[in-house]
Amino acid sequence: MENENIIVEETQKKEGAGTRLTQKIPFKKRFTTKRIALMAVFVALSFAVSFLEIPLPLFGASFLKLDFGNVFIVLISFLLGPMEGVIICLLKEGLRCLTSSSMCAGELANFLITSSYLLLPSILYQRKKTLKTVIISLSAACLIATGVALLCNRLIIFPAFSFLFGGSIYGMTVQEAFAAFWVALLIFNLIKTVAIGVLTLLLYKRLSNFLKKIKI
């Protein structure tokens, strides 16, 4: 149905069938000058917005801060493809490493979490461009990314901060700190991923229309 489409994409129809097939972009055309320039803009936007943090101290976890830099990464993964989304995420976190206070542990974790969030929706969207596909896949991605976030905090972020703070986090071991904060981390990452998904849905159509006008 027309009202189920996020935006009308270039499609083909098989003769005698109603199956819609998305035109595939040849690999050599994925990195044209315009597309590279667009990716650079989105790296800069994602990097800059990531510093606009909103404290969200759930259950005493004062280190939790919400930012919307990843909206631009998820948007580009829908607009150009999952490969471009992962590349932009890698470049953005690489820039963040220049100002890292966690030996780049936080940036590594963010790369893993964001990649796990964008891959499923963007891959499915390349195959079936409907609002239903986006909503279902983004909902699943929220759960996947939240699970990955818990693992990254337990295995990467908490050990890194424990090392930086002399072997403890708020006077607790890594195991004790994770046990104390895992519920806060769970709720925080669910809020963050859902918020990013909603903003992506709100911004996608206008941005996609604009890119079509400039023939990207």
Worksheet item: What's the spacing between Leu186 CG and Leu190 CG if we round to 0.5 Å?
Response: 5.0 Å
Worksheet item: Among pairs that include at least one residue of residues 105-115, which meet side chain to side chain donor-acceptor pair (under 3.5 Å), considering only residues two or more places apart or in two chains?
Response: Asn70-Thr114, Ser100-Glu107
Discussion item. As an exercise, state the distance from CZ of Phe188 to CG of Leu66, rounded to the nearest 0.5 Å.
Written reply: 5.5 Å
Discussion item. Quick one, Phe178 with Leu185, criterion side-chain contact (heavy atoms from CB on, under 4.5 Å). Give me CA distance, side-chain angles, the key distance, then yes/no.
Written reply: CA-CA 9 Å; Phe178 185 76; Leu185 290 167; 4.2 Å; yes
Item to complete: Among residues two or more places apart or on two chains, list those pairs meeting salt bridge (charged side-chain N to carboxylate O under 4.0 Å, His left out) that have a residue in residues 61-79.
Response: Asp67-Lys192
Worksheet item: Less than 4.5 Å apart, any side-chain heavy atom of Leu95 and any of Leu98?
Response: yes
Worksheet item: Would you say the side chain of Ile76 lies within less than 4.5 Å of the side chain of Leu38, judging by non-hydrogen atoms?
Response: yes
Discussion item. Check whether Thr193 reaches the backbone of Asn189 with its side chain - one donor and one acceptor, N or O, closer than 3.5 Å.
Written reply: yes
Worksheet entry | Side chain to side chain, Leu112 and Ile156, heavy atoms closer than 4.5 Å | yes
Worksheet item: Of the non-hydrogen atoms in Ile169 and Ala177, which two are nearest, and what is the gap between them?
Response: CB-CB, 4.0 Å
Worksheet item: For Ser122 and Pro82, which heavy atoms make the closest approach, and how far apart are they?
Response: OG-CB, 3.2 Å
Fill in: Selection residues 146-170 - residue pairs positive for side chain to side chain donor-acceptor pair (under 3.5 Å), sequence neighbours left out
Ser62-Tyr170
Worksheet item: Which salt bridge (charged side-chain N to carboxylate O under 4.0 Å, His left out) pairs, counting each pair once, include a residue from residues 74-87, with sequence neighbours left out?
Response: Arg30-Glu84, Arg35-Glu84
Discussion item. Once rounded to the nearest 0.5 Å, what's the spacing between atom CZ of Phe163 and atom OG of Ser102?
Written reply: 12.5 Å
Worksheet item: Taking the side chain from Tyr125 and the backbone from Ser137, do they hold a donor-acceptor pair closer than 3.5 Å?
Response: no
Worksheet entry | Sidechain-backbone polar pair: Ser139 side chain, Ile135 backbone, donor-acceptor under 3.5 Å | yes
Discussion item. As an exercise, state the distance from CD1 of Ile113 to CG of Leu151, rounded to the nearest 0.5 Å.
Written reply: 9.5 Å
Discussion item. For the CG atom of Leu124 and the CG atom of Leu119, what is their distance to the nearest 0.5 Å?
Written reply: 10.5 Å
Discussion item. Which residues pass the side chain to side chain contact (heavy atoms under 4.5 Å, CB included) test with Thr200, not counting sequence neighbours?
Written reply: Val71, Val74, Leu75, Phe78, Ile196
Discussion item. Tell me if the centroids of the rings in Phe181 and Phe63 come within less than 6.0 Å of each other.
Written reply: yes
Worksheet entry | Val41 side chain near Phe72 side chain, heavy-atom distance below 4.5 Å | no
Discussion item. Using 0.5 Å steps for rounding, measure from the CD1 atom of Ile144 to the CG atom of Leu120.
Written reply: 5.0 Å
Using distance only, find each side-chain donor-acceptor pair of residues 42-57 under 3.5 Å and give its atom names and separation, not counting sequence neighbours.
from, atom 1, to, atom 2, distance (Å)
Ser46, OG, Gly69, O, 2.9
Ser50, OG, Phe47, O, 2.6
Ser50, OG, Arg96, NH1, 3.2

Discussion item. Count I, L, V, M, F, W, Y as connected when their side-chain heavy atoms are under 4.5 Å apart, and connections chain through other members. Are Ile136 and Val194 then in the same cluster?
Written reply: no
Item to complete: Could you tell me whether the side chain of Leu138 reaches within less than 4.5 Å of the side chain of Leu201, counting heavy atoms only?
Response: yes
Fill in: Close side-chain approach of Asn209 and Lys205, heavy atoms under 4.5 Å
yes
Worksheet item: Are Ile36 and Val86 joined in one hydrophobic group, where the rule is that I, L, V, M, F, W and Y side chains link up if heavy atoms are under 4.5 Å apart?
Response: yes
Worksheet entry | CA sep, side-chain torsions, deciding dist, call: Phe161, Val174, side-chain contact (heavy atoms from CB on, under 4.5 Å) | CA-CA 9 Å; Phe161 276 98; Val174 170; over 6 Å; no
Item to complete: Write down the atom of Gly85, the atom of Ile73, and the distance for their closest heavy-atom approach.
Response: O-CG2, 3.4 Å
